[in-house]
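Remember, it's a predicted structure, so these values are computed and weren't measured experimentally. Values below: every heavy atom of this structure, side chains too, minus hydrogens, waters and symmetry copies.
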Amino acid sequence: MRFSKAYIPTTKEAPKDAILPSHIYLSRAGFVTQVASGLYNFLPLGKRVMRKIETIIHEEMAACDALEVDLSFVTPAELWQESGRIEKFGKELLRFRDRKENLFVLGPTHEEMMVSIVRNRVTSYKQLPLNVYQVKTKFRDEARPRFGLMRAREFVMKDGYSFHSSTEDLDREFDAMEAAYKRILTRLGLQFRVVEADSGAIGGSGSKELMVLANSGEDTLAVCDSCEYGANIEAAQRSKRITIPEAPKAEFMKFKTPDIKSIEDLSAFFHVDSYYTLKAVVMRAVFADSTQPVCFFIRGCDTLQEVKACNSVGAIDLVEMSVSELTDLGLVAGFMGPLDQDKIRIVMDNDTRNAKAMICGANELDYHFVGVDLSVMGDVSYADLVAVSEGDGCPRCSGKLEYTKGIEVGHIFKLGTTYSAPLKAEYLDENGRSTPFIMGTYGMGVSRLVAAVIEQHHDEKGCIWTHATAPYMVNVMVSNIKEETHLEFATTLYTTLNENKIETILDDRKDRFGFKMSDAELIGFPFTVIVGKEMENDQVQIMVRKSGEMITVATHDVVQKLKELIG
RNA sequence: CGGGGCGUAGCUCAGUAUGGUUAGAGUACUUGCUUUGGGAGCAAGGGGCCGGAGGUUCGAGUCCUCUCGCCCCGACCA
């Protein structure tokens with residue numbers, strides 16, 4: 001491609017609402033344009049990058065014998081009613097009626113459709129396993145689209161679904177998909193981490209997220225500094241504490257603690273480490289058709305992890321409650337404790353089980369209990385409720401956990417029979433029994449990956465594409481096209497490189513050197529060959545985008561040198 | 001869905017408190033000349049329903065009401 005014939009509208013200024021590097025540079029360099037909130041057009045360069053990512057995905061899926069399909073984007077709402085997800089998805093699901101007044105939805109993910117295409121067609125265990133996938137536009141009417149391609153409403157996702165006759169076979173496929181996803185991200189040139197994730201409302205026995213590491217990531221990850229362990233903060237575990245502060249000595253008694261409501265005040269008042277205090281967090285748990293206030297108790301030094309708390313009571317959601325609501329329930333904010341407590345459902349953190357020498361609220365204004373032995377708690381429910389902190393011990397080794405930010409680009413799930421059972425997608429097993437498929441699902445955000453590459457690979461001048469994602473590997477730039485010998489050499493070089501299967505673009509625009517250099521840097525081609533002044537010495541320069549290095553090379557060596565650099 | 005902000009040239013934004021020539025700048029675009037290794041210079045041009053509708057007024061980009069859109073914080077997010 002020649003620049004003079006291409007459509008690459010670069011700009012000096014970013015759209016006013018672009019915050020993230022990927023949004024700024026993908027817009028400025030002419031890869032995408034915004035159409036409306038959360039909707040983007042892919043221009044020629046953006047489309048090329050996306051196709052490269054898709055191609056790698058297809059290759060790796062083929063290596064796993066996964067089968068590509070293409071399901072209709074508009075899907076009948078009945079399937080969603082059958083699975084019960086039409087309510088669960090809520091307003092994110094864009095729905096509309098056709099001319100005959102039939103209800104349809106735009107697919108936000110395709111479990112239902114995919115189940116429906118194998119249902120009643122795959123009828124025997126002999127036809128299993130099966131792994132089918134597609135790369136497809138999805139639509140989710142996000143409450144708040146943001147960050148450019150990172151959280152768009154319309155986006156491209158690879159979604160795959162596998163069907164098995166045993167959990168062992170699902171486990172095998174799950175591991176194979178994890179390995180394939182790792183290969184894809186490695187080939188794309190991304191630094192990433194596979195982390196344990198919250199299985200949440202969807203259930204199943206396991207779920208892992210593939211996270212591209214970048215400061216702008218929306219997810220907080222806890223990763224071990226010495227082993228492979230990593231987990232989303234929503235699911236992260238920690239080892240038992242090794243160093244435990246010295247326990248205060250006190251007999252059990254009620255103590256007057258005037259206006260001491262916070263953990264900090266309480267800890268200071270008694271000169272006791274907050275480890276020995278009990279923090280109460282009251283939230284209203286929201287269920288499908290009811291709500292219930294719940295009090296979560298954790299150690300004062302810990303922080304409640306809301307997703308874990310939500311899962312512990314099987315709720316859809318937790319919402320905060322006001323002090324007046326607590327008062328109406330007969331609770332004393334600031335002085336709540338688990339002892340003699342029958343006004344509210346309680347859940348206690350695992351780490352408080354049988355805890356001794358604790359200080360907790362006495363459920364009476366201005367009074368706390370000290371010297372509490374929590375082993376007196378009867379059949380109260382315990383769960384992991386706590387967010388791991390930086391410095392906590394790794395649950396797998398002796399290392400320490402630290403926080404990092406990640407962009408979720410893949411999520412793989414062991415679904416089991418979550419969809420096949422309600423949708424009655426069944427096969428006959430060896431004993432002739434009708435059994436629902438055991439399923440896995442494997443998603444990867446393709447358009448989000450375009451942004452993720454830039455989040456991880458950019459500088460103040462613009463994009464720095466990795467070799468696998470670059471729209472063109474080499475940019476041959478003629479610094480002054482009026483120099484006929486320069487233009488002639490550059491054109492020949494451009495042709496030769498393309499003949500050598502090196503994707504090359506020729507910058508033959510009638511613009512000045514500085515302008516074209518800035519464009520090359522903004523767009524982020526891995527290599528730019530500058531055909532200009534050095535031609536006097538039969539030389540050209542190769543600018544390496546990533547390092548900024550300028551390599552001077554003889555004109556007859558340039559093809560060979562580029563091949564070496566590309567590797 | 002709660003709270004806040006913004007809609008004026010392709011893009012980034014002045015102008016709106018206090019209504020009053022023909023609505024501006026930078027950038028981008030067109031033409032010509034010069035320039036040609038870091039987003040060039042000079043000259044001449046084209047480009048606007050001031051988001052939309054209604055109202056107040058002799059007169060509205062500016063004031064009032066209603067709408068639509070976009071963004072930010074939060075809630076939400078396979």
Expected output check: what is the dot-bracket annotation of RNA chain B, where ( ) and [ ] are pairs inside the strand (brackets for crossing ones), | is paired with another strand, and pairs are Watson-Crick or G-U under 3.5 Å? (((((((..((((......[...)))).((((((.....)))))).....(((((..]....))))))))))))....
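- Rounded to an integer number of Å, the gap from NZ of A:K12 to P of B:G10 is 19 Å.
- Between A:Q541 and the phosphate of B:G37, there is no side-chain N or O to OP1/OP2 separation shorter than 4.0 Å.
- No side-chain donor-acceptor contact under 3.5 Å links A:Q134 to the backbone of A:K136.
- Looking at heavy-atom distances under 4.0 Å, A:E534 makes contact with a base.
- Within the 4.0 angstrom heavy-atom criterion, base atoms lie near A:K482.
- A:R144 contributes no side-chain N or O that forms a donor-acceptor pair with the base of B:G2 under 3.5 Å.
- Between the P atom of B:A75 and the CG atom of A:D317 lies a distance of 11 Å, rounded to the nearest Å.
- Judged by distance alone, the side chain of A:R545 and the main-chain N or O of A:E521 form a donor-acceptor pair under 3.5 Å.
- Among the heavy atoms of the strands lying under 4.0 Å from A:E521 is at least one base atom, whether or not backbone atoms are also near.
- Within 4.0 Å of A:D519, counting heavy atoms only, lies at least one base atom of the nucleic acid.
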Extract from the structure each pairing of a protein N or O with an N or O of nucleotides 11-13 of chain B at less than 3.5 Å, listing the distance.
{"unit_1": "B:U12", "atom_1": "OP1", "unit_2": "A:K16", "atom_2": "N", "d": "3.2"}
{"unit_1": "B:U12", "atom_1": "O4'", "unit_2": "A:E13", "atom_2": "OE1", "d": "3.4"}
{"unit_1": "B:U12", "atom_1": "O2'", "unit_2": "A:E13", "atom_2": "OE1", "d": "3.1"}

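- If you measure from atom CG of A:L94 to atom P of B:A78, you get 18 Å, rounded to the nearest angstrom.
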Quick one, give me the B/S/- string for nucleotides 40-45 of chain B, reading 5' to 3', where B means a protein heavy atom under 4.0 Å from the base and S means that only happens at the primed atoms, P, OP1 or OP2. B-----
